[in-house]
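Each remark here refers to the structure printed beneath this line.
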Amino acid sequence: MVNLIPKPNSIKTEKGFFVFGGEKRIFTEIPLPLLTAPKGDDADFRILKDSSMEKEEYYLKVSENGVVIKASGSVGAYYALQSVRMLGRFDEGKNKIPFIEISDKPMYGWRGVSLDESRHFFGKEYVKKLIDELFRLKMNVFHWHLTDDAGWRIEIKKYPLLTEIGSKRAYTQIGGWGVAKKDNTPHGGYYTQEDIKEIVEYAAQRCVSIIPEIDVPAHFAAALAAYPHLACRNLKREVQGYFGGTIPESEGMRDWNRPICLGREENIKFITDVYDEVCELFPFEYFHIGGDECDVTEWKTCPECQRVMKEKGFKKERELQMMLTNRLCDYLKSKGKHMVGWNEILRTDGIDKSSVVQYWEPSRDRKLEKFVNSGGKIIMSKHQSFYIDHPYAIYPIKNTYGFSPQKYGVGSDNTENVLGVEGELWTEWIGTPEKLDFMYHPRMEAISEVGWTDADKRDYNDFVARYRQYKSIYKYLDITYAVDKIAMTKNPFLRAKISKLFRNGDPDYEFKLNNKYFDKGER
């Protein structure tokens, strides 16, 4: 069995090993700044440039003569080196690479995960560690959720109150969606623009592009805490510590979930001012505006919003969001970027067809199905397969690995309209790096293979067998992960208990149970 994740698309094996010693020299025709081994023409480790190959494609051959890699540039070469790293188990202190020949390239161009730092802030050292994991697994997109109701996490120089006020909250909801219990420990933190530049550069060196998400028109409460005049009603409110659902209203907070007012042109200017600064920090050609879960109630009674509706001939308040979405789509085009929004932006007809739509909702979205099957581009993050913030008891690893576009309404002739796949990690109930790791792994491994390996070459049982041989690496990389009894559980009673506690009482129960298995020596 070849111990590689993601599984290569073309692979041949032979008996034997090449031993890679520290004194071995490397010859490379491709500049690779992260490669620190000594160079030399007499090397038995050779990296050759082949301009006919695609950007992420690579060829790897290991024989008694050494290692030969071919790629068109640094990305393919680095991916080949990651295969060598995993095959030789270098992270575990080993150095024997099996004789092998691989020709490989990914199925999807978008292979990523997200991190929500509005609900909990983790800091740049963890983000760099996550980028390292993406790089190791040949994943190429980091979706960075930097703003929401619970905290604004990115410095905007023109509007300093966004971080002076919007990055701090006095309390945090704990106990699950159906529980009003809160921890009164203040929580805060944000990234300076210099921090962002450092992380973007770090990611670029590792073949990872970062897409920022700056949410409008909803999930905007942290911004309204800083600049309350941006709402339809100028109400002084602190940054929200509850995460949504029915709890805020049950606690008497009936006006917490308010969007920005779209009846005043200066508010649109505020958004583009913010986006101006963010676009300068992130060179990736995609930019996420959010656009989900917008409550239009306040727009119904706002004189300014109603005035604009009358001027535009709109019949429904939801058309105000469509107006904003299309304006931002045009604005981002002027910046050389593609706009990405969650699938709720399609609820109103008339959305710019060049928009990229990210499909997340657990229920079927027929408008999205029509969009993708008529040529629209989407990113697949469907709840049942890719919402990795949920317990494994709700969405076990098999759900992730079993993804196919057809399962979620994409016609067989339209799969080319799926840019790729992305796992979503929201952090309402995740407050530590250890639990983040636990939620990411082994789901990241499954997502990497779903995004890389051709569907007809994937097999769940084969993946599990390779993963079990592979997972000893976690110890050496200091990564907490879900043991098999958790990640692959079939126990219906345990699954039901974990699911119930996740929503009402103890969303950490599964993680604590995982730690008990570790304490007992079970892996």
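Counting begins at 1 with the first residue of the sequence.
Side-chain contact between I473 and R89 is absent, with no heavy-atom pair separated by less than 4.5 Å. Between T489 and L494 there is a side-chain heavy-atom pair separated by less than 4.5 Å. Side-chain contact between V278 and P212: present, with at least one pair of heavy atoms (C-beta onward) separated by less than 4.5 Å. Contact check for R206 versus D132: side-chain heavy atoms found under the 4.5 Å cut-off. Residues I289 and D215 fail the side-chain proximity criterion, which asks for heavy atoms closer than 4.5 Å.
Remark: aromatic rings of Y275 and F287 are close, center separation under 6.0 Å. Taking the six-membered ring for Trp, F463 and W452 have ring centres at least 6.0 Å apart. No close placement of the W256 and Y242 rings is indicated, their centers lying 6.0 Å or farther apart. Between Y171 and H187, the gap from one ring centroid to the other reaches at least 6.0 Å. Centroid-to-centroid, the aromatic rings of H390 and F502 come within less than 6.0 Å.
Using bins of under 30°, 30° to 60° and over 60° for the plane-to-plane angle, the ring pair Y126/Y440 lands in the parallel bin. Taking the six-membered ring for Trp and thresholds of 30 and 60 degrees, Y286 and W110 have ring planes more than 60 degrees apart, a perpendicular arrangement. Note: Y191 and F121 have tilted aromatic rings, judged against thresholds of 30 and 60 degrees for the angle between ring planes. F270 and F220 have perpendicular rings, their planes meeting at more than 60° on a 0 to 90° scale where under 30° would count as parallel.
Salt bridge status for E449 with R466: present, with a side-chain N to carboxylate O gap under 4.0 Å. Taking 4.0 Å as the cut-off between side-chain N and carboxylate O, R119 and D149 do not count as a salt-bridged pair. Ion pairing between a basic and an acidic side chain is recognised when a charged N comes within 4.0 Å of a carboxylate O; R347 and E361 show such pairing.
Listed for the R153 side chain is a donor-acceptor partner under 3.5 Å among the backbone atoms of S167.
A donor atom on one side chain and an acceptor atom on the other are found under 3.5 Å apart for D276 and Y331. In the model, E280 has no side-chain atom that pairs as donor or acceptor with a side-chain atom of Q193 under 3.5 Å.
For Y392, the ring-ring contact (aromatic ring centres under 6.0 Å, His included) partners are F438, not counting sequence neighbours. Applying the side chain to side chain donor-acceptor pair (under 3.5 Å) criterion to E194, with sequence neighbours excluded, gives K197. In this structure H145 satisfies the side chain to side chain donor-acceptor pair (under 3.5 Å) test together with D148, E213, sequence neighbours excluded.
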